[in-house]
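None of these values were measured; they are calculated from a predicted model. Residue numbers run from 1 in the order of the sequence given. Note that ligands are numbered from 1 as they come in the structure, with each ligand's atoms numbered from 1 the same way.
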Amino acid sequence: MKVPVDYIKNIILPNCNYDKKIAEAFVKIPRHYFVDEALHKLAYKDEALPIGFGQTISKPSIVAKMTSLLDPNPSDKILEIGTGSGFQAAILSRLVSEVFTVERISSLYLRASNNIRKLFINNVRFKIDNGKIGWEEHAPFDKIIVTAESQNLPNELIFQLKNKGKMVIPIKGILKVITKKNNSILEESVSECKFVKFIT
Ligand code: SAH
């Protein structure tokens with residue numbers, strides 16, 4: 001199965017601000033690799049799909065949007081909370097230098113790391129843990145992305161963000177961009193969104 005042109009044109013490009021580098025990452029990372037074979041036919045529709053354990057791979061439009069909001073730079077070190085299928089981590093791996101991703105469900109971690117290995121990606125590191133504590137050994141991060149819906153802004157994650165760093169996080173149904181500047185935290189609401197719950 002090839003990545004369809006219409007998926008890039010109608011779903012990805014309009015949601016990533018027509019950023020060609022980001023769109024290129026979606027061409028190189030086939031979304032059907034990250035779902036069960038029975039769901040391959042649905043992989044290039046703008047739908048969240050089940051990945052087991054009550055979790056989902058996010059809609060491609062929201063992955064494109066969150067990736068674009070992170071404003072990925074080639075030298076960035078990024079922390080993702082909520083590995084899930086590994087798709088978002090794989091997309092980021094094509095755009096930045098290092099990706100660290102944390103998942104609390106070990107079976108999902110296993111499948112995600114296999115998917116990523118099959119694509120010969122070697123700049124993603126995985127950890128099984130509660131993501132609310134971040135990944136201290138590798139902090140601080142240029143950017144942090146949380147792909148499960150939180151009830152608040154986790155303190156530890158703010159702490160592990162570099163000065164002038166950015167965090168993209170859904171809080172109570174609203175997608176937010178958080179920017180850390182010296183000792184202040186700027187919070188911008190982007191749009192409504194729907195995610196599986198962040199388990200604390
Ligand atoms: N980024 C994923 C989307 C996964 S859905 C993808 O591209 O497929 C959100 C994931 O967050 C789920 O796998 C869920 O198990 C995980 N999650 C929820 N709460 C968490 C927590 N506190 N720590 C780590 N992972 C968490």
Backbone or side chain, does any N or O of [X] fall under 3.5 Å from an N or O of ligand 1?
{"X": "I199", "result": "yes"}
{"X": "G131", "result": "yes"}
{"X": "G82", "result": "yes"}
{"X": "E103", "result": "yes"}
{"X": "T56", "result": "no"}
{"X": "N130", "result": "yes"}

Per-atom contacts, ligand 1 versus [X] - under 4.0 Å to a heavy atom:
{"X": "I105", "value": "15 (O)"}
{"X": "E80", "value": "1 (N)"}
{"X": "D129", "value": "23 (N), 24 (C)"}
{"X": "L108", "value": "13 (O)"}
{"X": "Q88", "value": "1 (N), 7 (O)"}
{"X": "K197", "value": "18 (C), 19 (N)"}

- Give a yes or no on this: more than 12 heavy atoms of other residues, nucleotides or ligands lie within 6.0 Å of atom CG of N73. yes
Quick one: which of [options] has a heavy atom closest to [atom]?
{"atom": "atom 8 (O) of ligand 1", "options": "S85, S58, A89, P60", "result": "S85"}
{"atom": "atom 2 (C) of ligand 1", "options": "T83, I57, V196", "result": "T83"}
{"atom": "atom 21 (C) of ligand 1", "options": "K132, K127, R104", "result": "R104"}

- Note on the structure: Nearest heavy-atom contact between N17 and S68 is CB-OG, 4.2 Å
- Note on the structure: Here the pair of heavy atoms bringing R31 nearest to S58 is NH2-O, 2.9 Å
- Taking only Lys NZ, Arg NE, NH1 and NH2, and the carboxylate oxygens of Asp or Glu, determine whether K20 and E24 approach each other closer than 4.0 Å. no
[X] vs [Y] side-chain heavy atoms within contact, under 4.5 Å:
{"X": "V196", "Y": "T147", "answer": "no"}
{"X": "M66", "Y": "Q88", "answer": "yes"}
{"X": "V124", "Y": "T101", "answer": "yes"}

- Verify, without hydrogens or angle tests, whether T83 (side chain) and F126 (backbone) share a donor-acceptor contact under 3.5 angstrom. no
- Query: Just by distance, do the side chain of H40 and the backbone of H32 share a donor-acceptor pair under 3.5 Å?
  - Reply: yes
- Message: For K127 and D129: C-alpha separation, side-chain torsions, deciding distance, then whether salt bridge (Lys or Arg N to Asp or Glu O under 4.0 Å) applies.
- Response: CA-CA 6 Å; K127 179 170 85 139; D129 211 334; 3.1 Å; yes
- Which of T179, L69, D142 passes side-chain contact (heavy atoms from CB on, under 4.5 Å) with K166? Answer is T179
- Using non-hydrogen atoms of the residue, decide whether T200 is closer than 4.0 angstrom to ligand 1. no
- What protein heavy atom sits nearest atom 12 (C) of ligand 1, and how far off is it? Q55 OE1, 3.3 Å
